[in-house]
Amino acid sequence: MCGICGIFEYGRRTDAPAEVVHRMNQTMIHRGPDDGGVFVGPGIGLGHRRLSIIDLAGGHQPMSNEDGTIWVLLNGEIYNYPELRAELLKRGHKFTTKSDTEAIVHLYEDYAEECFAKLRGMFSIALWDSRNRKLVLVRDRVGKKPLFYAADSKRILFGSELKALLAGDLLSRQMDEHALSDYFSFGYIPAPKTIYRDVRKVMPGHYLVASASGIRETCYWDLSFAKTEQRSEAEWSELLCHQLCEATRVRLMSDVPLGAFLSGGIDSSAVVAMMSHLMKRAVTTCSIGFEEKKYNEAEFARQVSQLFSTDHHEETVQPDAIEIVDKLAWHYDEPFADSSAIPTFYVSKIARRYVTVALGGDGGDESFAGYRRHKLDYYENRLRNHVPAMLRRKIFGPLGRWYPPLAWAPRVFRAKATFQSLSRSPLEGYFNSISYFRPDDKARLFTSDFQKRLGGYDSLEVFRHYYDRADTDDLLSKIQYVDIKTYLTDDILTKVDRASMAVSLEVRAPMLDHKFLECVASIPSGLKLRNGMGKYILKKALEPVLPAEILYRPKQGFAIPLDVWFKRELKEMAYQVIVETSDGILDRRFLRKIWDQHQKGYYDRSALLWATLMFRKWNQMFCGC
């Protein structure tokens, strides 16, 4: 796990400015505290920070081929590099290290850009081809590792973090209004956008080639739901366990201490079960607990730990609310509203005391329809099939506008969002149900001047792009494709990457192995969500290894008592930042209204307040506003 950065000036024939590369590299020491390196040549500058995991002595980067015509930077791990290395040795290549990075160098020599599809792992790669004077930027299939770039007619800058690009002092910090609108809908900024107009993200499963003739971006992998296979439940269960075990096995390679996150949920418990089967020693597991019982899963983690006799480390944390806000704003580089970044940061911090690499359970909910919203969307679609669209708009539209939110009431009475969703198409309904600020609220959130600057932009189009691109007519599969392309990449994986890298911890996710994803995508959706139960076939597959009280207990999110924080620890600071700040973007009257609603207990507005707070904190920290 590392940080990479660099600059390529297309027409320059003298060495690239080394001071710029060093400045960029210096911002990412937390991503790679063990080693750092810089290469500078005509028009090119490459920087690398290293967290040493494999070949501790010989893995220094930037790394080149024998004659120095190809240079490579790698952030991440290539899990199939032993097989690639063996193949390349047979083809006559010579290796001077045991590093996975060197396999990329020689693979590119033989296969050029086609080599990236041969890699199995999590990675962002920068490759300098001096013979052809081109820079290649590559991102893994689902975007586990970040990669940003900014390009104009003179140069391209790239880096693992936005702050690395900003450190070059060559970029405008002008905000992307559409990206900000997306943020207040999704709670994150979806690729390829960033909060800055001049900076983009390399898309997952893509590589980008920059040269004097321009920039070309190519997709080398996509997930297909087009072909489902018919197998019995027993056959699927056996195949899933085999695939998950294999995906876990290849992620156990490490020359430093390795363990796992353990929340007591299905996904992390499944990964620990596979590790226990594969490893000769006890698995080191780490979990956190909270004093508030509502948010505490520690007892379930303890139960799984005892089942597999792991070397378990558990701590009850009391987050410093004010300190953590500033810490997250700095590490995430752009507005990020998922408050589960806080427990993710704390469990990473605890795990780093015992291990350098931790395996986690990310990806299970997206692949197996494990979120509550998948179930609600399924039932809403069934109702849509029985009520004509015009009638739904006439009945449910007014009900959605007039029905009170009633967030304090029992769930059965909280029908406002459901009515709003039912009055819309399946895609519009899903977008409405997952939005932080739903369309009606977002219209009141922005000032009239900022609304004009948006020019009628609608964040729904982000979802529509992927919804229409999914190669299936199955509604659940289409939504899963949207989730994997948006929420998984730009929320879940962003959250884990920044929180773990803040403490120099590498996190690996077996359930995001591309071969495992492809296998799961071929399972009929009726085996993922059955009779209102998400992850149906995964639970069946795990019945021989995990107890029913773990597999079939109610889902519990990785959450914190945010609603209470805004009434206690965060109240004074948050009021000043959210309500008393004027930025010409957010309407203060509307913000005061939702603040008062939350403080008086009319209903829980903590998610909206947190999203606003994190935007304002980012704006203060990086833009001085």
Lys154 vs Glu9, salt bridge (Lys or Arg N to Asp or Glu O under 4.0 Å): CA-CA, chis, key distance, verdict: CA-CA 6 Å; Lys154 296 180 180 179; Glu9 297 182 309; over 6 Å; no
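- Proximity of a side-chain donor or acceptor of Ser287 to a complementary backbone N or O of Ala298 within less than 3.5 Å is not detected.
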Verdict with supporting geometry, Ser211 and Arg133, side-chain contact (heavy atoms from CB on, under 4.5 Å): CA-CA 6 Å; Ser211 66; Arg133 288 198 61 77; over 6 Å; no
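- Checked by atom type, the side-chain pair Thr27/Glu161 shows no donor-acceptor distance below 3.5 Å.
- Summarising the geometry of Asn80 relative to Arg120, their closest heavy-atom pair is OD1-N, 3.0 Å, with the distance given to 0.1 Å.
- In summary, the side chains of His48 and Asn25 do not present any donor paired with an acceptor at a separation below 3.5 Å, with no hydrogens or angles considered.
- The ring-ring contact (aromatic ring centres under 6.0 Å, His included) test applied to Phe95 returns His106, not counting sequence neighbours.
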Check against side-chain contact (heavy atoms from CB on, under 4.5 Å), Thr356 and Ser254: CA-CA 9 Å; Thr356 310; Ser254 176; over 6 Å; no
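- Between Ile29 atom CD1 and Asp34 atom CG the span is 11.5 Å, to the nearest 0.5 Å.
- With Trp330 as the aromatic partner, Lys163 meets the cation-pi criteria of under 6.0 angstrom to the ring centre and within 45 degrees of the ring axis.
- The backbone N or O of Pro33 sits nowhere less than 3.5 Å from a side-chain atom of Arg50 that would complete a donor-acceptor pair.
- Closest of all the heavy-atom pairs between Ser500 and Val507 is CB-CG2, 3.5 Å.
- Looking only at distances, no side-chain donor or acceptor of Trp221 sits under 3.5 Å from a matching main-chain atom of Ala117.
- The pair Lys94-Glu66 does not meet the salt-bridge criterion, since no charged nitrogen lies less than 4.0 angstrom from a carboxylate oxygen.
- Put simply, the side chain of Thr194 gets close to the backbone of Val199: a donor and an acceptor are under 3.5 Å apart.
- Distance alone, capped at 3.5 Å, places no donor-acceptor pair between the Arg49 side chain and the Cys2 backbone.
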Derivation and outcome, salt bridge (Lys or Arg N to Asp or Glu O under 4.0 Å), residues Lys144 and Asp497: CA-CA 7 Å; Lys144 283 169 274 190; Asp497 176 79; over 6 Å; no
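- Scanning for side-chain hydrogen bond (donor to acceptor under 3.5 Å, both in side chains) contacts around Thr14 gives Arg12, with sequence neighbours left out.
- For the pair Val40 and Ala16, the tightest heavy-atom approach, listed with the atom from each and the gap, is CG1-O, 3.2 Å.
- Applying the side-chain hydrogen bond (donor to acceptor under 3.5 Å, both in side chains) rule to Tyr436 yields no partners; only residues at least two apart in sequence or on another chain are considered.
- Under the side-chain hydrogen bond (donor to acceptor under 3.5 Å, both in side chains) criterion, Glu217 pairs with no residue at all, not counting sequence neighbours.
- Under 4.0 Å is where a charged nitrogen must lie from a carboxylate oxygen, and between Glu113 and Arg216 at least one such pair does.
- Under the 3.5 Å distance criterion, with hydrogens and angles disregarded, a donor-acceptor pair is assigned to the side chains of Thr97 and Glu102.
- Distance alone, capped at 3.5 Å, is enough to place a donor-acceptor pair between the Asp320 side chain and the Glu323 backbone.
- Residues Asp362 and Ala509 come closest through the heavy atom pair O-CB, 4.1 Å.
- For the salt bridge (Lys or Arg N to Asp or Glu O under 4.0 Å) condition, the pairs that include at least one residue of residues 182-195, sequence neighbours left out, are Asp182-Lys193.
- Among the candidates Arg197, Arg200, Lys201, the single residue satisfying the salt bridge (Lys or Arg N to Asp or Glu O under 4.0 Å) test with Asp176 is Arg200.
- When the side-chain contact (heavy atoms from CB on, under 4.5 Å) test is applied to Ala212, the partners found at least two apart in sequence or on another chain are Tyr10.
- In the model, Glu109 has a side-chain atom that pairs as donor or acceptor with a side-chain atom of Asn65 under 3.5 Å.
- Looking at Arg23, its side chain does come within 3.5 Å of a backbone N or O of Ala167 through a donor-acceptor pair.
- A donor-acceptor distance shorter than 3.5 angstrom exists from the side chain of Ser348 to the backbone of Thr344, with no hydrogens or angles considered.
- Take Phe116 and apply the ring-ring contact (aromatic ring centres under 6.0 Å, His included) test, not counting sequence neighbours, and it matches Tyr207.
- Applying the ring pair (Phe, Tyr, Trp, His ring centres under 6.0 Å) rule to pairs touching residues 117-159 yields Phe8-Trp128, sequence neighbours excluded.
- Between the side chains of Thr486 and Asp490, not a single donor N or O lies within less than 3.5 Å of an accepting N or O.
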From CA spacing to verdict: side chain to side chain donor-acceptor pair (under 3.5 Å), His206, Thr218: CA-CA 5 Å; His206 286 64; Thr218 302; over 6 Å; no
From CA spacing to verdict: side-chain contact (heavy atoms from CB on, under 4.5 Å), Ile125, Leu73: CA-CA 6 Å; Ile125 298 168; Leu73 304 172; over 6 Å; no
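- Residues passing the ring-ring contact (aromatic ring centres under 6.0 Å, His included) test with Trp565: none are found, sequence neighbours excluded.
- The number of heavy atoms from other shown groups lying within 6.0 Å of CD (Glu518) is above 12.
- In this structure, CG in Asp326 is found 8.5 Å from CD in Gln620, a value given to the nearest 0.5 Å.
- When the ring-ring contact (aromatic ring centres under 6.0 Å, His included) test is applied to His331, the partners found at least two apart in sequence or on another chain are His30.
- A salt bridge between Arg251 and Glu506 is absent, with no side-chain N of the basic residue lying under 4.0 Å from a carboxylate O of the acidic one.
- Ion pairing of Asp513 with Arg508 is absent here, as no side-chain N (NZ or NE/NH1/NH2) approaches a carboxylate O to less than 4.0 Å.
- Between Arg616 and Asp583 a salt bridge is recorded (basic side-chain N to carboxylate O distance below 4.0 Å).
- Looking at every heavy atom in both residues, Ala150 comes nearest to Leu171 through CB-CD2, 3.5 Å.
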Criterion side-chain contact (heavy atoms from CB on, under 4.5 Å) on Val136 and Asp129, from CA distance to verdict: CA-CA 8 Å; Val136 187; Asp129 182 341; 5.5 Å; no
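- Remark: the Thr69 side chain and the Ser130 side chain contain no N/O donor-acceptor pair separated by less than 3.5 Å.
- Applying the ring pair (Phe, Tyr, Trp, His ring centres under 6.0 Å) test to residues at least two apart or on different chains, the pairs with a partner in residues 336-364 are His313-Tyr354, Tyr332-Phe336.
- Listed by chain and number, the residues in a side-chain hydrogen bond (donor to acceptor under 3.5 Å, both in side chains) with Glu246 are Arg249 (sequence neighbours excluded).
- Side chains of Asp100 and Tyr79: no donor on one and acceptor on the other come within 3.5 Å.
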Side chain to side chain donor-acceptor pair (under 3.5 Å) between Lys145 and Ser160, worked out: CA-CA 8 Å; Lys145 294 291 96 188; Ser160 296; over 6 Å; no
